[in-house]
Amino acid sequence: MNEKNNKDTKTLDIVKESNKVEKVAELDVLDKYRNKFVKEINIVRYISYGVAALTIAIVIVSYMVLMPLNAWAGIVPVIIALIGAGAFSFFSRRNQETKIQKYMSDYNDVINRHLTADFTVNDYFYDYRDGLKTKTFAQANILEDVTESASRNLNSYSYKDYKISNADFVAYKRDGKRLSSVFAGKLFSTTRTKNVKNQVILYLKPNKEVFKESGEPEIKHLEVAEDNDNYRIYATGKYKTVLPQKALDEILKIERNDVLADLTVSIVDNTVTVLLSYGKDIIAVPYKEPVPHLAIRKYIKDIGHILNFLDLI
């Protein structure tokens, strides 16, 4: 973040890039970003309305007043007005796209930095336009036949023995010519030096009061080792060394509600992957609606539980 964005805002310290400390704005700055963006977009919109109205007025005057007097006197202003309106529309659209990208990037940058504010992390990296690949999702071995994906808002860092990447992610299956979404939310992927022999999958079920009917993962290659109203564990053989009770208790602290529908953890080989089914309050960037502070704080808290979970497995 540049100095202009940090001016007149409260800050807190986080660790970035080999213990280099940076300042990150408090979450209240998200409202300032949104208000500034809305104001800039509205100004561009009003100017566009004015240009359109002026173009129509020139066409009408040229057709009704100038053209009866002289054909070229009526045609030339119309041509100039249409070229000018087209050029304005082109450059206005590019300018608007730039503003949208900057707003979305700045907004998520603040949130991403808060995710690790209470933890010591190194080698922090963020790129809103970048994302995770389909193979990252496929390697978790949770859902079969996922062939395509869309991802953005990548942030990555090192935490103890883990190399962590986190991004917005949508996974698709192809049915003939149609693509159907099978997962949408946050994909949290980590690698470490420790390896496990058998895969273990933990599925935290949705809140039944919020989601009375919801689909569950189809895990065909593993047996159901535990199943209750709160969670289900898929595994083969001994799995409690891979998923000890303390780790399970920690991740069960994550509440499922209308912000986070459900959560799936895959521990396989040297990789731990977490699928978090967040809704639009976390995945979308607000424009007309207010900044969802409560949802964002829940997301930050959830990631804290996941990092604590990693310490215990």
Side-chain angles (χ1 to χ4, degrees), residues 1-2 5-6 9 11-27 29-30 33 101-102 104-137 139-140 149-170 185-196 247 250-251 253-254 260 263-276 278 282-283 285 295-313:
M1 297 207 19
N2 57 39
N5 286 337
N6 282 332
T9 62
T11 58
L12 59 87
D13 291 342
I14 70 164
V15 179
K16 179 188 174 184
E17 294 176 357
S18 302
N19 296 322
K20 192 187 299 180
V21 176
E22 275 198 3
K23 299 291 186 178
V24 58
E26 290 284 4
L27 288 175
V29 79
L30 297 177
Y33 286 169
Q101 286 293 324
K102 185 178 188 310
M104 297 173 78
S105 178
D106 289 348
Y107 179 95
N108 281 284
D109 185 35
V110 171
I111 296 173
N112 289 335
R113 292 177 187 277
H114 274 270
L115 297 177
T116 55
D118 295 330
F119 298 84
T120 300
V121 302
N122 297 313
D123 306 319
Y124 182 88
F125 170 82
Y126 168 65
D127 187 343
Y128 182 77
R129 295 168 296 181
D130 201 0
L132 291 169
K133 307 303 181 185
T134 304
K135 67 178 182 179
T136 303
F137 185 94
Q139 286 169 352
S149 65
S151 184
R152 66 184 185 187
N153 190 21
L154 175 67
N155 69 98
S156 61
Y157 48 90
S158 300
Y159 173 65
K160 297 186 177 179
D161 190 35
Y162 292 92
K163 301 291 185 182
I164 297 174
S165 296
N166 183 21
D168 301 344
F169 197 91
V170 182
K186 293 284 185 177
L187 182 60
F188 184 98
S189 178
T190 78
T191 57
R192 58 181 180 174
T193 56
K194 181 179 178 180
N195 216 323
V196 298
E250 178 63 28
I251 206 160
K253 294 177 183 178
I254 297 177
L260 174 66
L263 181 153
T264 307
V265 181
S266 167
I267 305 174
V268 57
D269 297 331
N270 68 331
T271 302
V272 182
T273 306
V274 186
L275 280 60
L276 300 121
Y278 284 111
I282 299 302
I283 302 303
V285 177
I296 293 169
R297 292 187 185 282
K298 171 179 167 42
Y299 171 44
I300 295 169
K301 187 176 180 181
D302 292 348
I303 296 300
H305 286 308
I306 291 174
L307 292 176
N308 289 335
F309 168 82
L310 295 179
D311 287 335
L312 299 170
I313 60 173

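Here, residue 1 is the first one in the sequence, and each next residue gets the next number. Keep in mind that the numbers below use all heavy atoms, side chains included, and drop hydrogens, waters and symmetry copies.
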Pair Gln101-Arg129, side chain to side chain contact (heavy atoms under 4.5 Å, CB included): steps then yes or no: CA-CA 9 Å; Gln101 286 293 324; Arg129 295 168 296 181; 4.1 Å; yes
Do any N or O atoms from the side chain of [X] and from the backbone of [Y] form a donor-acceptor pair under 3.5 angstrom?
X: Asn308; Y: Gly304; value: yes
X: Thr273; Y: Ser266; value: no
X: Asn155; Y: Asn166; value: yes
X: Tyr126; Y: Ser105; value: yes
X: Asp161; Y: Thr193; value: yes

If you define the side chain from C-beta out and look only at heavy atoms, does anything of [X] sit under 4.5 Å from [Y]?
X: Leu263; Y: Ile251; value: yes
X: Tyr299; Y: Leu260; value: no
X: Arg192; Y: Ile313; value: yes
X: Thr120; Y: Lys160; value: no

Give me the atom names and distance for the closest heavy-atom approach of [X] to [Y].
X: Leu310; Y: Tyr162; answer: O-OH, 2.8 Å
X: Leu132; Y: Ser149; answer: O-OG, 4.4 Å
X: Gln139; Y: Val268; answer: O-CG1, 3.7 Å
X: Lys133; Y: Phe169; answer: O-CE1, 3.8 Å
X: Glu250; Y: Leu312; answer: CB-CD1, 4.0 Å
X: Leu187; Y: Thr136; answer: CD2-CG2, 4.3 Å

Evaluation steps, side chain to side chain contact (heavy atoms under 4.5 Å, CB included), between Thr116 and Ile164: CA-CA 11 Å; Thr116 55; Ile164 297 174; over 6 Å; no
Chi angles and distances behind the side chain to side chain contact (heavy atoms under 4.5 Å, CB included) call for Phe309, Ile254: CA-CA 11 Å; Phe309 168 82; Ile254 297 177; over 6 Å; no
If you measure from [atom1] on [X] to [atom2] on [Y], what distance do you get to the nearest 0.5 Å?
X: Leu276; Y: Ile303; atom1: CG; atom2: CD1; result: 5.5 Å
X: Leu275; Y: Thr264; atom1: CG; atom2: OG1; result: 5.5 Å
X: His114; Y: Leu30; atom1: NE2; atom2: CG; result: 7.5 Å
X: Asp302; Y: Leu307; atom1: CG; atom2: CG; result: 11.0 Å

Whether Tyr157 and Tyr124 hold their rings parallel, tilted or perpendicular, with breakpoints at 30° and 60°: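 It falls in the parallel class, under 30°.
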Aromatic ring pairing Tyr159/Phe119, orientation class (parallel under 30°, perpendicular over 60°, tilted between):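 Answer is perpendicular, since the angle exceeds 60°.
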Derivation and outcome, side chain to side chain contact (heavy atoms under 4.5 Å, CB included), residues Phe188 and Val272: CA-CA 8 Å; Phe188 184 98; Val272 182; over 6 Å; no
Residue pair Asn112 / Asn153, side-chain donor-acceptor N/O under 3.5 Å: yes
Ser156 versus Ser165, side-chain donor and acceptor atoms under 3.5 Å: no
Residues which pass side-chain contact (heavy atoms from CB on, under 4.5 Å) with Asn270, listed by chain and number, not counting sequence neighbours: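 Partners of Asn270 under the side-chain contact (heavy atoms from CB on, under 4.5 Å) test: Thr191, Asn195.
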Carboxylate-amine/guanidinium contact Asp168 Lys186, below 4.0 Å: yes
